[in-house]
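First listed ligand is number 1; within each ligand, the first listed atom is number 1. Just so it is clear, the structure is predicted and the values come from calculations on it, not from any experiment.
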Amino acid sequence: MSTFTITEKLKEVASKENITRFYDEATEDYEFWSKDLNMHFGYYTPFKTSVFRRDSMLNEMNKQVYNRLQVSNQNSLIADLGCGIGGTIRYGLKKYPLLHIIGVTLSSFQVHEGNKKLKDKKGLILEEDYTSTSFKTNSINGAYAIESFCHSGHSKEAFQEAYRILKPNSKLVIADAFLKKDEEQLCLGSNYCYEQLCKGWSLEGLGNIHSVKNRLEQIGFKNIIVEDISYRVAPSVLHVPFAITGFILKKLFRKEFLKPQSWKNLKGSLFALLSGLHINNFGYYLITAEKKQF
Ligand SMILES: C[S@@+](CC[C@H](N)C(=O)[O-])C[C@H]1O[C@@H](n2cnc3c(N)ncnc32)[C@H](O)[C@@H]1O
């Protein structure tokens, strides 16, 4: 019997090459999920967003993240760590026209296509690893990572790099799914869903929310606020079966083949939904952490 833990097995699944291949090939599919090209789940606010209009919830997640950054609109520089095709960057620039926003991603497809959409705007996407960026130390007024740090298992290296680039007193906001316990403590069903989710979406793993908070503290972050927003995110997660069915039907209708990475994406989406049903083991959180003043 293999003595490897899930995390060790998933390191291979979430190699840089696999993540890059996944997003180079599957990013186009997200147009079906979000017209605004948001590659994340949404945030439901009663009477403000509609459970039937997915993009209203996805954009509300962008809003919630920017609200927590609390940056001054005036010429601040924001970093989007794992920016996809720039959906959140475009939202930020529309809402706060004086901001400058730079995103990093591993996918050259996302860099190319995302920058086309940012032409003549104060945004830019770079092909860089968020664990070792080219940003200067203490140079950024605010940083966020939406469903991107899970690709490196919410690793210390990712948090450390965010800490390095932030100016003192500025904030890091993370929106992502986390485990509520260690992966060894997951029940059989959760364990299966977790492994399939990570394999489908090329994730190294989800951090245990309690350990993640400690990790951020050890690095030096202060005033760490952890909010469980699982119930706000649930309505958009429930869109997954409808989105998957619609996507497959569209492909069949057009007599188009599903690419290997599209299958992986569908598998990841389905197991995200199934994992979400195990509410004792998985949760979706917004974390806000501030860099200490020297
Ligand atoms: C699910 S997408 C989320 C994109 C975006 N944050 C959004 O919400 O629309 C994950 C993103 O993380 C990026 N990513 C994963 N690992 C990365 C790494 N080590 N360095 C930079 N980007 C990374 C991927 O390239 C992809 O753009």
Side-chain angles (χ1 to χ4, degrees), residues 10-11 13-43 54-55 57-66 69 78-93 101-115 117-118 123 125-135 143-162 165 172-177 197-198 200-206 233 236-237 240 261 264-266 268-269 272 284 286:
L10 294 176
K11 269 213 182 312
V13 162
S15 65
K16 266 195 200 179
E17 294 71 33
N18 283 344
I19 297 172
T20 308
R21 188 177 315 124
F22 176 68
Y23 285 111
D24 279 351
E25 206 174 297
T27 295
E28 279 175 322
D29 303 349
Y30 279 84
E31 211 157 357
F32 199 81
W33 174 252
S34 161
K35 285 202 172 50
D36 295 331
L37 292 170
N38 290 301
M39 302 174 73
H40 53 253
F41 287 113
Y43 187 102
R54 193 161 54 233
D55 253 327
M57 296 187 280
L58 308 188
N59 281 318
E60 181 65 21
M61 179 65 86
N62 294 330
K63 183 177 176 190
Q64 295 294 328
V65 168
Y66 277 102
L69 280 178
I78 305 296
D80 183 332
L81 304 171
C83 64
I85 196 163
T88 308
I89 299 180
R90 286 192 299 282
Y91 174 92
L93 292 172
I101 311 177
I102 299 183
V104 298
T105 172
L106 292 179
S107 158
S108 57
F109 177 87
Q110 293 182 338
V111 173
H112 192 249
E113 294 303 311
N115 278 330
K117 294 177 196 301
L118 287 169
I125 300 181
L126 304 172
E127 190 178 328
E128 287 190 10
D129 186 333
Y130 56 51
T131 61
S132 54
T133 67
S134 58
F135 295 119
Y144 60 86
I146 307 180
E147 295 178 24
S148 54
F149 281 179
C150 47
H151 283 285
S152 57
H154 300 119
S155 67
K156 192 173 160 200
E157 290 74 21
F159 299 159
Q160 253 168 350
E161 178 64 0
I165 64 176
L172 167 69
V173 178
I174 303 169
D176 217 336
L197 159 72
C198 294
W201 275 348
S202 295
L203 310 182
E204 195 171 316
L206 307 178
V233 173
S236 60
V237 179
V240 164
Q261 301 303 320
K264 275 188 69 189
N265 195 14
L266 294 183
S269 310
Y284 198 106
L286 263 171

Looking at Glu127, I want to see if its CD is surrounded by more than 12 non-hydrogen atoms of other residues, nucleotides or ligands under 6.0 Å.
yes
Pocket residues around ligand 1 (non-hydrogen, under 4.0 Å) come out as Ile19, Tyr23, Asn38, Met39, His40, Gly82, Cys83, Gly84, Val104, Thr105, Leu106, Gln110, Glu128, Asp129, Tyr130, Ile146, Glu147, Ser148, His151
Ile174 versus Phe159: any side-chain heavy-atom pair under 4.5 Å?
yes
Would Tyr23 and His151 count as having a side-chain donor-acceptor pair, cut-off 3.5 Å?
yes
Hey, are the side chains of Tyr130 and Ser152 touching, using non-hydrogen atoms and a 4.5 Å cut-off?
yes
Taking only residues two or more places apart in sequence, or in another chain, which ones meet Tyr66 in a ring pair (Phe, Tyr, Trp, His ring centres under 6.0 Å)?
Tyr96, Tyr144
Residues Lys16, Asp129: salt bridge by 4.0 Å N-O rule
yes
